[in-house]
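For reference, the structure discussed in these notes is given below.
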Amino acid sequence: MDHTAVLALVDRELREEARPDAPDAHVERCGHVVRQTAPAHGWNGVLWSRLDEARADAAIAGQIAHFTRLGRAFEWKVYGHDRPADLGRRLVAAGFVPGPEETLMVAEAARLDLDPDLPDGVRVLPVTDASGVELVAEVHREAFDADSAWLRDQLLARLAADPDTVVAVVALADEAPVSAARMELVPGTSFAGLWGGGTVRAWRGRGIYRALVAHRARAAVRRGYVHLQVDASAQSRPILQRLGFAPLTTTTPYVYTP
């Protein structure tokens, strides 16, 4: 895989020419910035920018004004190769709060050779309705110790309006949800994004995460997608590298709350 070429493809297909990630979201280009505006429960933020030192501060102020008028908190997602080089520092100076740095990792779906074996008594269930979404939300809440209401709303909306653009799965152990993950498919691109992979503490280290990656990789290939993309945490990065994913750059979320 040509890392430079694939990173350029990410920038073009997933950022500069981004599609809305929900039926009630809107993506638009404002000068040298591409942003998504969505309802309060959706993702609001900046997807791409091409700035220099002379125009960065004005662009930041413009996005703050836009989302503040709507009463929306929003995220400016900064990639390691974005310019200017001090974009993150400028965002902090404007009132943004940085989140944990993650690693953008990509793999060619058809080239992954993954063992999908699951522990005895564990099975993978496709998520297609509200009851399945509740299981995904339960895993998210327990695995990440975080609120999952936004995930429930987002996944329900996606399954209702655009079911062909999302693949969600939950792993059950004796009918109890122990792991879950989703894949978001971006029509018109070569990319399928892996999101939300999490396993409850008692079931970690048993190969379930790997099995859910394999399940989604096969689904992506069947649908004609070439690349799998993931923003990997420090915990996920070594696992994904062992599975065949390559790190391309970093991503850091900067969040502004009016």
Side-chain angles (χ1 to χ4, degrees), residues 9-10 13-15 17-28 34-45 47 75 77 106-110 112 114 116 118 122-144 146-172 175-199 208-231:
L9 198 61
V10 169
E13 292 190 349
L14 299 184
R15 303 182 66 203
E17 300 173 359
R19 282 83 164 162
D21 70 358
D24 50 4
H26 174 63
V27 171
E28 61 187 337
V34 173
R35 69 187 178 206
Q36 174 170 293
T37 304
H41 66 266
W43 188 86
N44 287 272
L47 295 151
E75 176 185 319
K77 189 170 184 178
V106 174
E108 294 181 27
L112 292 177
L114 303 179
L118 288 161
V122 176
R123 64 188 179 96
V124 174
L125 177 72
V127 172
T128 58
D129 57 20
S131 61
V133 170
E134 286 299 327
L135 296 176
V136 172
E138 183 179 337
V139 170
H140 182 91
R141 190 166 53 248
E142 186 173 344
F144 299 109
D147 176 67
S148 59
W150 65 270
L151 174 60
R152 182 188 301 107
D153 293 342
Q154 201 173 77
L155 191 48
L156 284 171
R158 194 81 171 254
L159 287 171
D162 231 349
D164 291 336
T165 65
V166 62
V167 173
V169 291
V170 61
L172 302 177
E175 303 311 307
V178 297
S179 186
R182 69 187 191 279
M183 177 170 66
E184 297 181 2
L185 308 166
V186 187
T189 77
S190 63
F191 290 94
L194 304 186
W195 301 97
T199 303
I208 300 177
Y209 181 93
R210 180 187 179 98
L212 294 189
V213 171
H215 181 95
R216 288 175 290 169
R218 292 195 301 272
V221 171
R222 287 196 301 270
R223 289 163 171 79
Y225 288 85
V226 177
H227 298 103
L228 297 178
Q229 167 260 323
V230 58
D231 288 345

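On a predicted model such as this, the values are computed, not experimentally measured, just so you know.
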(Q) With a 3.5 Å distance limit and no angle check, can you tell me whether Ser179 reaches the backbone of Gly198 through a side-chain donor-acceptor pair? (A) yes
Q. Can you tell me if Arg19 uses its side chain to pair, donor with acceptor, with the backbone of Pro187 under 3.5 Å?
A. yes
Q. Are Arg182 and Val136 side-chain neighbours, meaning at least one heavy-atom pair lies under 4.5 Å?
A. no
**Q.** Minimum heavy-atom distance between Ala107 and Leu112, given as atom pair plus value
**A.** CB-CD2, 3.9 Å
Q | Exam field: side chain Arg216 to backbone Leu212, donor-acceptor pair closer than 3.5 Å | A | yes
(Q) Taking ring-ring contact (aromatic ring centres under 6.0 Å, His included) as the definition, give me every residue that meets it alongside His215, ordered by chain and number, with sequence neighbours left out. (A) none
Q: Measure from the side-chain N and O atoms of Asp147 to the backbone N and O of Arg141, and report whether any donor-acceptor pair falls under 3.5 Å.
A: no
Q: Write down the atom of Asn44, the atom of Pro39, and the distance for their closest heavy-atom approach.
A: ND2-O, 3.2 Å
Q: Specify the closest pair of heavy atoms between Leu159 and Thr128, including all atoms of both residues, with the distance to one decimal.
A: CD1-C, 4.2 Å
Q. What's the verdict on side-chain contact (heavy atoms from CB on, under 4.5 Å) for Val170 and Glu138, showing C-alpha distance, side-chain angles and the deciding distance?
A. CA-CA 10 Å; Val170 61; Glu138 183 179 337; over 6 Å; no
**Q.** Shortest non-hydrogen separation from Leu135 to Pro177 and the atoms involved
**A.** CD2-CG, 3.9 Å
Q. Atom CD of Glu142 and atom OG of Ser148: how far apart are they, to the nearest 0.5 Å?
A. 11.0 Å
Q) Distance from Met183 atom CE to Leu228 atom CG, nearest 0.5 Å? A) 7.0 Å
(Q) Within the structure provided, determine whether Phe191 and His227 are in side-chain contact (heavy-atom separation under 4.5 Å). (A) yes
Q: Name all residues meeting the salt bridge (Lys or Arg N to Asp or Glu O under 4.0 Å) criterion together with Arg35; count only those two or more places apart in sequence or in a different chain, and write none if there are none.
A: Glu28
Q: Indicate the atoms forming the closest heavy-atom contact of Ala180 with Val139, along with that distance.
A: N-CG1, 3.6 Å
Q: Taking side chain to side chain contact (heavy atoms under 4.5 Å, CB included) as the test, write out the residues that go with Arg123, two or more places apart.
A: Leu125, Leu172, Glu175
Q) Do the side-chain N and O atoms of Thr37 and His26 include a donor-acceptor pair separated by under 3.5 angstrom? A) no
Q.
Any heavy-atom pair between the side chains of Asp24 and His41 that's under 4.5 Å?
A. yes
Q | Residues that Trp195 engages under ring-ring contact (aromatic ring centres under 6.0 Å, His included), provided they are two or more places apart | A | none
Q.
Strictly distance-based, threshold 3.5 Å: is any side-chain N or O of Arg223 a donor or acceptor partner for the main-chain N or O of Thr165?
A. no
Q. Nearest 0.5 Å, what's the CG-CG distance between Leu14 and Leu47?
A. 9.5 Å
**Q.** For Pro20, side chain to side chain contact (heavy atoms under 4.5 Å, CB included) partners two or more places apart
**A.** Ala25, Val27, Gln36
Q: Might you point out which heavy atoms bring Arg15 and Val34 nearest each other, and give the distance in Å?
A: O-CG1, 3.7 Å
(Q) Checking Asp231 now: which residues fulfil salt bridge (Lys or Arg N to Asp or Glu O under 4.0 Å) with it, not counting sequence neighbours? (A) Lys77
